[in-house]
Amino acid sequence: RWWRPDLVVWEPTTYAGAIAAEACGAAHARLTWGVDFHGAAREHHVRLRDEVPGREDPLRDWMSRWSDAVGSAHREESAQGHFTIDQLPESLRVPTGLDQVGMRYVPFNGPAVVPRWLRADPERPRVA
């Protein structure tokens, strides 16, 4: 909350990123690292869950507990993100009903050092 982010980007199995974003009122997006089987599987599960009243949903239950703990209400978009950033070309994507934004993959594995000035409170908003 101290960072006051506008956007939190999280990978498909790190739902804590979505919960943190919801807790501080930020938009959030899933960043896929391959074919979006997580998004497609979740959509399929929700469809089947809604067909049978009382069907269990362990992910919803887990996320609801943590959302409640940080003073936020769980919504299904918490598990899917407000949108998905997908590195794959459209022709290789699994079709889903999720909002997707394309991104070109650019690998980089070089060293990094956090400069001292970055740890101080900014005078104006930062983009990182």
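To the nearest 0.5 angstrom, R104 atom CZ is 14.5 Å from L88 atom CG. One finds the CG atom of L59 at 9.5 Å from the CZ atom of R49 (value rounded to the nearest 0.5 Å). Note that SG of C24 and CD1 of I19 are 12.0 Å apart. Values are rounded to the nearest 0.5 Å.
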>> Between F37 and V94, is the side chain to side chain contact (heavy atoms under 4.5 Å, CB included) condition met? List the steps.
In response: CA-CA 7 Å; F37 292 122; V94 172; 4.2 Å; yes

>> Let's go through T84 and V101 carefully: what are the C-alpha distance in whole Å and the side-chain angles of both, what is the deciding distance for side chain to side chain contact (heavy atoms under 4.5 Å, CB included) to 0.1 Å, and is it a yes or a no?
In response: CA-CA 6 Å; T84 300; V101 175; over 6 Å; no

> Please walk me through it: do H38 and T13 pass side chain to side chain contact (heavy atoms under 4.5 Å, CB included)?
Replying inline: CA-CA 8 Å; H38 292 95; T13 61; 3.2 Å; yes

>> Show, in sequence, the C-alpha distance, side-chain angles and deciding distance for H82 and D99, and conclude whether the side chain to side chain contact (heavy atoms under 4.5 Å, CB included) test is met.
In response: CA-CA 8 Å; H82 292 122; D99 290 331; over 6 Å; no

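A donor atom on one side chain and an acceptor atom on the other are found under 3.5 Å apart for W33 and E11.
In terms of heavy-atom proximity, V8 sits nearest to G17 at CG1-O, 3.6 Å. Nearest heavy atoms, L98 versus G39: CD1-CA, 3.9 Å. Between Q100 and D86, the shortest heavy-atom contact is NE2-OD2, 3.8 Å. In terms of heavy-atom proximity, A26 sits nearest to P5 at CB-O, 3.3 Å. Smallest separation of non-hydrogen atoms from A27 and A21: O-CB, 4.1 Å.
The pair R30-D36 counts as a salt bridge, with a side-chain nitrogen and a carboxylate oxygen less than 4.0 angstrom apart. A salt bridge between R75 and E22 is present, with a side-chain N of the basic residue lying under 4.0 Å from a carboxylate O of the acidic one.
Listed for the E43 side chain is a donor-acceptor partner under 3.5 Å among the backbone atoms of G97. Of the possible donor and acceptor atoms, none in the side chain of R93 sits under 3.5 Å from a partner among the backbone N and O of V35.
Side-chain contact between V46 and L48 is absent, with no heavy atoms from C-beta onward closer than 4.5 Å. Using a 4.5 Å heavy-atom threshold, the side chains of H28 and W10 count as touching. Taking the side chain as every heavy atom from C-beta outward, D57 and H45 approach each other to under 4.5 Å. Looking at M103 and L31, their side chains come closer than 4.5 Å, going by heavy atoms from C-beta outward. Under the 4.5 Å side-chain criterion, counting only non-hydrogen atoms from C-beta, W2 is in contact with D121.
Ring geometry for W62 versus Y15: interplanar angle over 60°, hence perpendicular rather than tilted (30 to 60°).
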Side-chain donor-acceptor distances from residues 63-72 under 3.5 Å, at least two apart:
unit_1: S64; atom_1: OG; unit_2: R60; atom_2: O; d: 2.8
unit_1: S67; atom_1: OG; unit_2: M63; atom_2: O; d: 2.9

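Enclosure of atom CH2 in W3 is not indicated, since only 12 or fewer non-hydrogen atoms of other residues, nucleotides or ligands lie within 6.0 angstrom.
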